[in-house]
There are 2 protein chains.
Amino acid sequence: MTDAATPPMTRIQQKNRELILQAALDAFSANGFRGATIDQIARAARMSKPNVLYYFGSKDEIHKTLLTTLLDMWLAPMQQIDAAGEPLAEILQYVQAKLQMSRDFPRESRLFAYEILQGAPHLTEILGGGLREIVDRTVAVLETWMEEGRLARVEPRHLIFSIWSMTQHYADFEIQVRAVLGPGHDPYQEGSAFLDDLYRKLLAP
Amino acid sequence: MTDAATPPMTRIQQKNRELILQAALDAFSANGFRGATIDQIARAARMSKPNVLYYFGSKDEIHKTLLTTLLDMWLAPMQQIDAAGEPLAEILQYVQAKLQMSRDFPRESRLFAYEILQGAPHLTEILGGGLREIVDRTVAVLETWMEEGRLARVEPRHLIFSIWSMTQHYADFEIQVRAVLGPGHDPYQEGSAFLDDLYRKLLAP
DNA sequence: CGTGATCCTGACCAATCGGTCAATAATCTG
DNA sequence: CAGATTATTGACCGATTGGTCAGGATCACG
């Protein structure tokens with residue numbers, strides 16, 4: 001029922017759409033929407049520019065497809081917070097999962113960073129809609145834990161902001177992080193320990 | 001001795017260069033370097049495009065001038081950390097100063113965010129040079145405090161990253177912050193309290 | 001007042017961009 | 001194999017972009 005109306009895709013379509021999306025993720029995450037060109041995407045995907053436009057009607061459509069496709073994956077870790085679990089452990093696990101996503105998927109992190117910086121022209125409806133609901137659900141869990149005295153009282157939404165900003169910082173500003181740390185450092189390993197320490201101290205009841 | 005070789009500027013030059021830089025800050029911080037156009041800057045500064053190029057030789061030069069001019073102001077709060085002061089109070093004051101800068105100068109925050117995201121093509125020498133020295137000086141102070149037992153032991157550089165990321169998050173991702181919080185919230189006021197709480201718990205010896 | 005330096009702009013240019021189109025090549029289906 | 005569908009591309013287009021240039025307006029100053 002989910003894909004009833006969509007015509008089936010040929011093998012070539014699946015392969016080429018995926019090729020284009022991968023090339024576009026490279027381009028958009030490196031240069032932003034306006035900085036990336038269809039030519040650049042086409043070259044990276046080893047095909048001609050008109051062929052890229054044959055699979056996606058416009059540059060905007062590629063970008064929008066990327067954002068909507070990756071948003072679920074990007075928000076997945078937060079939805080895995082288990083209300084029945086041990087509060088501090090659940091949150092620490094979420095923090096680590098988010099940090100690993102920054103390490104393993106920095107392109108995705110930068111894609112969203114550009115989009116939000118730009119004012120989220122392609123995500124406004126999601127920002128005010130789906131995202132807020134997901135956050136609200138997590139906030140409800142956090143507040144329950146706090147009322148039960150199993151977690152220190154902090155503003156739950158700002159707690160979430162802090163997790164997002166600090167973990168994604170390692171991906172979005174990686175160049176700055178590496179420049180400041182200098183060679184011979186593993187930002188993600190050190191950051192992991194730092195964040196673990198930080199949230200233990202902040203949230204211990 | 002600092003401006004010995006530079007020819008003196010006429011009143012008109014000072015006024016128009018400032019006008020252009022303000023307009024350019026608007027444009028670059030809203031759309032990024034590539035997204036901003038000289039035409040747009042010229043219109044906002046109420047002058048013709050060639051006249052903008054008369055004062056700044058190229059789009060790149062405007063951008064570079066902005067970055068280098070604003071970098072000092074942007075890093076100033078960190079240099080005001082006083083090694084002779086009370087450790088926790090000094091850091092809390094720095095955090096609050098940084099948060100206020102996000103509130104009062106969001107355009108500057110976004111300008112740097114774009115630049116670092118892009119890979120800092122215009123700041124590479126500064127990232128590896130001046131910035132690192134400034135950070136190193138602050139790190140030395142922090143480490144002294146920690147060794148004296150006046151501050152909890154944490155990785156000082158990651159402590160600085162955390163301050164940068166969380167405070168600038170309120171400026172760079174303001175749209176997302178407001179979308180998640182919903183109407184009737186003052187992100188900066190709430191964030192101020194949250195960050196104060198967080199760093200007290202993290203850094204209390 | 002006049003004259004040289006500074007200031008300003010319309011018109012223009014080459015390059016690049018997103019996107020179209022007609023024609024060709026490859027693939028699938030009976 | 002035949003015919004239809006799908007896939008692919010070179011050539012092209014209008015719009016926009018960063019930047020140039022020649023000439024005119026304005027200003028500072030003796």
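Source: prediction; values computed, not measured. Naming convention: chains lettered A, B, ... in sequence-line order (proteins, then strands); numbering from 1 in each chain.
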- Below 4.0 angstrom from OP1 or OP2 of dC28(C), is there any side-chain N or O of Thr10(A)? no
Asn16(B) atom CG is separated from dC7(C) atom P, nearest whole Å, by 8 Å
Problem - OP1 or OP2 of dC7(C) under 4.0 Å from side-chain N/O of Asn51(B) - result: no
*Any donor and acceptor pair, going by atom type alone, linking the side chain of Glu90(A) with main-chain N or O of Asp82(A) inside 3.5 Å?*
yes
Using modelled atom types only, decide if a donor and an acceptor are shared between the side chain of Ser192(B) and the backbone of Tyr188(B) within a distance under 3.5 Å.
no
- prompt: Near Glu86(B) CD, under 6.0 Å, is it more than 12 heavy atoms from other residues, nucleotides or ligands?
  reply: yes
Count the heavy atoms belonging to other residues, nucleotides or ligands that lie under 6.0 Å from CD of Gln79(B), then report whether that count exceeds 12.
yes
Scan nucleotides 24-30 of chain D against the protein and return all N/O pairs shorter than 3.5 Å with their distances rounded to 0.1 Å.
residue	atom	partner	partner atom	Å
dA28(D)	OP1	Arg11(B)	NH2	3.2

- prompt: Is a donor-acceptor contact shorter than 3.5 angstrom present between the side chain of Lys49(B) and the base of dG19(D)?
  reply: yes
Separation of dG19(C) atom P from Lys59(A) atom NZ, nearest Å, is 8 Å
In whole angstroms, the gap separating P of dT9(D) from CE of Met47(A) amounts to 8 Å
Is the backbone of Ala30(A) close enough, under 3.5 Å, to the side chain of Arg110(A) for a donor and an acceptor to pair up by distance? no
Go through it in stages, so that I can follow the logic: the residues are Tyr114(B) and Gln118(A), the test is side chain to side chain donor-acceptor pair (under 3.5 Å), and I'd like the CA-CA distance, side-chain angles, deciding distance and then a yes or no. CA-CA 10 Å; Tyr114(B) 271 116; Gln118(A) 205 91 1; 2.9 Å; yes
Heavy-atom closest pair (Leu70(B) atom, Leu111(B) atom, distance to 0.1 Å) is CD1-CD2, 3.9 Å
To the nearest 0.5 Å, atom CG of Asp197(B) lies from atom CG of Leu92(B) at 10.5 Å
Taken to the nearest whole Å, NZ/Lys15(A) to C1'/dT8(D) is 12 Å
Separation of dG19(D) atom P from His63(B) atom NE2, nearest Å, is 13 Å
Quiz item: Can a side chain N or O of Tyr54(A) be found less than 4.0 Å away from OP1 or OP2 on dA7(D)?
Solution: yes
Closest to the side chain of Ser48(B), out of dT9(C), dT20(C), dG18(D), is dT9(C)
Taken to the nearest whole Å, CZ/Phe56(A) to P/dA7(D) is 13 Å
Here the gap from Leu131(B) atom CG to Leu123(B) atom CG, rounded to the nearest 0.5 Å, amounts to 9.0 Å
Note: contacts of residues 117-124 of chain A with DNA chain D (heavy atom, under 4.0 Å) are none
note: Leu53(A), atom CG; dC13(D), atom P; distance rounded to Å ~ 18 Å
- [ ] Give a yes-or-no answer on whether the side chains of Ser109(A) and Tyr170(A) include a donor-acceptor pair shorter than 3.5 Å.
- [x] no
Check: Looking at Tyr55(B), does any N or O in its side chain come under 4.0 Å of the phosphate oxygens OP1/OP2 on dT6(C)?
Finding: no
Here the distance between atom C1' of dC8(C) and atom CD of Gln13(B), to the nearest Å, is 13 Å
Inset, instruction - Determine the interplanar angle of the Phe33(A) and His122(A) rings, folded into 0 to 90°, and report it as parallel if under 30°, tilted if 30 to 60°, perpendicular if over 60°. - result: perpendicular
Please work out which of the three classes, parallel, tilted or perpendicular, describes the rings of His158(B) and Phe161(B), given edges at 30° and 60°. perpendicular
The correct set of residues in residues 21-46 of chain B placing a heavy atom under 4.0 Å from DNA chain D is Ala36(B), Thr37(B), Ile38(B)
